[in-house]
Amino acid sequence: MRTLTRIAEMKAVVKELKAQSKSVGFVPTMGFLHEGHLSLVRECRKSADATVVSIFVNPLQFSPKEDFEDYPRDLDRDRRLLEGEGVDFLFHPESEEMYPEGYRTAVEVGGLQDKLCGRSRPGHFKGVTTVVLKLFNIVQPDMAFFGQKDAQQALILKKMVRDLNLDMEIRVLPIIRDQDGLALSSRNTYLNPEERQAALVLTRSLAQAKLMFEAGERTAGSIVTAMKNLISREPLARIDYVEIVDLDELNPVEMIDRDVLVALAVYIGKTRLIDNIIMEVKGEAKRGEQV
Ligand code: PAF
């Protein structure tokens with residue numbers, strides 16, 4: 001695996017790959033890799049001739065009150081993991097080169113970015129779309145891989161790719177969970193043992209939603225109320241949001257008469273965790289695309 005830290009170096013490598021008519025697969029990450037990231041890497045390796053993984057903790061997507069400084073980092077461990085997966089190129093740019101003095105430009109996906117997580121993290125998705133578009137411009141991937149855990153991010157990035165006519169495909173892969181069901185996240189590392197146990201309330205509340213849905217409940221409000229009641233019985237948990245939304249615009253639905261995203265964000269102690277499931281209405285005409 002070759003590690004590249006300069007934008008020009010990365011661009012030169014991509015130019016060479018393209019000259020050899022090789023397809024480029026890309027997995028953008030903020031590092032501190034876990035099995036969720038590695039599942040994306042494995043799929044990327046299966047699908048593309050060359051696999052590029054980026055590790056860049058993007059300051060633009062953290063508000064001043066958030067955990068940019070404390071965000072877990074372990075480049076040596078990440079490098080070993082990526083080498084073990086047979087990754088071809090690791091792109092690890094410096095913040096100073098990504099956002100030099102006088103940097104001004106941003107890209108936004110209006111509307112979608114202000115819902116769900118966007119409400120309590122204003123500016124977050126603008127930071128994500130800006131850095132991802134920059135990375136796409138540098139790496140020029142034919143396909144890029146993201147996790148369903150960040151369902152809103154994936155939907156926004158798909159929209160950006162469509163709206164800006166980028167010649168590439170976004171692939172979204174399933175959430176990878178620990179054995180007890182907790183969705184893997186680099187932020188799980190913040191949880192102490194008691195909080196780690198309490199965090200399972202997210203998984204349990206989604207299981208409750210699924211159970212009600214499978215039993216025939218179609219009123220979104222009833223499911224959301226049951227989920228909130230369950231979470232509020234966990235003393236270490238504080239709800240940010242619990243919503244059932246459509247898969248195109250992320251608007252709350254009243255009746256579940258089409259496929260929906262059940263999404264939630266919950267603070268466990270000081271750590272904000274997110275999770276989601278898609279509930280599919282079988283037998284109905286399927287929408288073209290899923291998050
Ligand atoms: O999902 C992430 O890790 C980040 O939001 C991303 C896509 C790498 C952009 O910084």
Side-chain angles (χ1 to χ4, degrees), residues 4 7 10 25-41 43-44 51-63 66-75 77-78 81-82 87 89-95 97-99 103 105-109 112-113 115-118 120-139 141 143-161 164 166 168-176 183-190 263 265 271-276 291:
L4 309 154
I7 293 172
M10 186 71 246
F26 181 38
V27 183
T29 82
M30 298 207 298
F32 211 71
L33 305 175
H34 51 65
E35 274 299 312
H37 298 110
L38 299 184
S39 72
L40 306 180
V41 168
E43 192 58 33
C44 184
T51 292
V52 181
V53 176
S54 66
I55 294 182
F56 179 62
V57 185
N58 171 35
L60 238 56
Q61 67 190 76
F62 293 79
S63 78
E66 290 182 337
D67 55 344
F68 173 69
E69 295 298 338
D70 298 335
Y71 195 83
R73 293 162 172 89
D74 190 341
L75 187 61
R77 179 178 159 277
D78 287 347
L81 287 170
L82 295 176
V87 165
F89 302 99
L90 166 61
F91 180 46
H92 178 54
E94 298 285 340
S95 208
E97 205 190 358
M98 288 294 276
Y99 303 119
Y103 183 90
T105 307
V107 56
E108 294 186 62
V109 177
L112 284 179
Q113 65 175 13
K115 297 167 183 172
L116 303 178
C117 289
S120 51
R121 303 191 70 189
H124 167 69
F125 288 113
K126 181 172 161 186
V128 171
T129 41
T130 299
V131 78
V132 171
L133 184 59
K134 279 175 71 73
L135 290 167
F136 285 173
N137 283 333
I138 295 163
V139 176
M143 59 203 94
F145 295 78
F146 295 88
Q148 168 66 20
K149 188 169 84 65
D150 297 300
Q152 185 175 12
Q153 167 172 284
L155 185 68
I156 288 174
L157 292 173
K158 278 186 169 184
K159 186 91 180 104
M160 177 184 84
V161 163
L164 298 182
L166 302 189
M168 58 171 294
E169 186 195 339
I170 298 263
R171 299 231 198 127
V172 184
L173 300 185
I175 298 178
I176 304 295
L184 295 190
S185 161
S186 304
R187 289 192 169 97
N188 290 353
T189 183
Y190 297 148
T271 307
R272 184 175 176 281
L273 299 177
I274 58 172
D275 201 350
N276 67 78
V291 280

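Predicted, not measured: the structure shown is a model, and the values here were computed from it. Both ligands and their constituent atoms are indexed starting at 1 by order of listing.
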Atom indices of ligand 1, in the order listed, that fall short of 4.0 Å to a heavy atom of [X]:
{"X": "Pro28", "answer": "8 (C)"}
{"X": "Gln153", "answer": "1 (O), 2 (C), 4 (C), 5 (O), 7 (C)"}
{"X": "Val131", "answer": "9 (C), 10 (O)"}

Pairs involving residues 27-40, ordered by first then second residue, that meet side-chain hydrogen bond (donor to acceptor under 3.5 Å, both in side chains) (sequence neighbours left out) |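 Checked against side-chain hydrogen bond (donor to acceptor under 3.5 Å, both in side chains) - neighbours excluded - the pairs reaching residues 27-40 are Glu35-Arg42.
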Lys/Arg N to Asp/Glu carboxylate O, Glu66 vs Arg272, below 4.0 Å =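 Salt bridge absent between Glu66 and Arg272.
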Hey, is Asp78 close enough to Arg73 for a salt bridge, meaning N to O under 4.0 Å?
-> no
With sequence neighbours left out, the residues meeting salt bridge (Lys or Arg N to Asp or Glu O under 4.0 Å) with Asp275 are Arg177
Has ligand 1 got any nitrogen or oxygen that is less than 3.5 angstrom from a nitrogen or oxygen of Gln61?
->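 Yes, Gln61 has an N/O under 3.5 Å of an N/O on ligand 1.
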Evaluating non-hydrogen atoms only, which member of Lys134, Met30, His37 is closest to atom 3 (O) of ligand 1?
-> Met30
Sub-4.5 Å side-chain heavy-atom contact between Leu133 and Leu166 | yes
